[in-house]
Amino acid sequence: MIETKKYGNDEITINWKPSLCCRSKICRNNLPEVFNSSENPWINAGTVDTKRITDQIDKCPSKALSYTYDTKI
Ligand code: SF4
């Protein structure tokens with residue numbers, strides 16, 4: 001089983017698989033408010049609009065990043 005780390009805000013859960021991450025820094029360069037490897041945790045999903053986050057996650061070249069919507073019933 002591949003290790004998956006989870007981060008979230010009120011709308012989504014971001015899943016990150018470190019072993020798949022090729023450290024391209026695409027996410028960090030394009031959206032440093034959310035993806036900042038100098039911070040701990042390195043993903044802070046509470047700072048910008050969720051759509052901007054999901055758009056950036058969709059551009060992750062290795063698919064190390066993914067997300068699920070947290071629906072409330
Ligand atoms: S874009 Fe994906 S592969 Fe590149 S550093 Fe971010 S998480 Fe890792």
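Each ligand, and each atom within it, is numbered from 1 in the order the structure gives.
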Check the pair Ser37, Arg28 against side-chain contact (heavy atoms from CB on, under 4.5 Å), reporting the backbone distance first and the verdict last. CA-CA 8 Å; Ser37 54; Arg28 178 181 172 174; 2.7 Å; yes
Using a 4.5 Å cut-off on heavy atoms from C-beta on, say whether the side chain of Ile53 contacts that of Asn9.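 They are in contact (side-chain heavy atoms under 4.5 Å apart), so the answer is yes.
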Proximal ligand 1 atoms for [X], defined as those under 4.0 Å from one of its heavy atoms:
X     : answer
Cys22 : 3 (S)
Pro61 : 1 (S)
Leu65 : 7 (S)
Ser62 : 3 (S)

Quick check: does Ser24 put an N/O/S atom under 2.8 Å from atom 4 (Fe) of ligand 1? yes
Residue, atom name and distance, where the atom is the protein heavy atom closest to [atom]:
atom                    : result
atom 8 (Fe) of ligand 1 : Cys21 SG, 2.3 Å
atom 5 (S) of ligand 1  : Lys25 N, 3.3 Å
atom 6 (Fe) of ligand 1 : Cys27 SG, 2.3 Å

Relative to ligand 1, is Phe35 under 4.0 angstrom through side chain, backbone, both or neither, heavy atoms considered?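 Near ligand 1, Phe35 shows nothing, with every heavy atom at 4.0 Å or more.
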Taking 2.8 Å as the cut-off, does Cys60 contribute an N, O or S atom near atom 2 (Fe) of ligand 1, distance below it? yes
Side chains of Thr47 and Glu33: any donor to acceptor distance under 3.5 Å?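 Side-chain D/A pair, Glu33 to Thr47: absent.
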May I ask you to check whether Asn44 and Tyr7 show a side-chain donor-acceptor distance below 3.5 Å?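 Their side chains do not contain a donor-acceptor pair, so the 3.5 Å distance test is not met.
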Ser62 (side chain) donor-acceptor with Leu20 (main chain) under 3.5 angstrom: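 Checking the backbone N and O of Leu20 against the side chain of Ser62, a donor-acceptor pair under 3.5 Å is found.
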Would you call Lys59-Asp55 a salt bridge at under 4.0 Å N-O? no
Evaluate the side-chain contact (heavy atoms from CB on, under 4.5 Å) criterion for residues Leu65 and Asn15: first the C-alpha distance (whole Å), next the side-chain angles of each, then the deciding distance (0.1 Å), finally the verdict. CA-CA 6 Å; Leu65 288 170; Asn15 306 297; over 6 Å; no
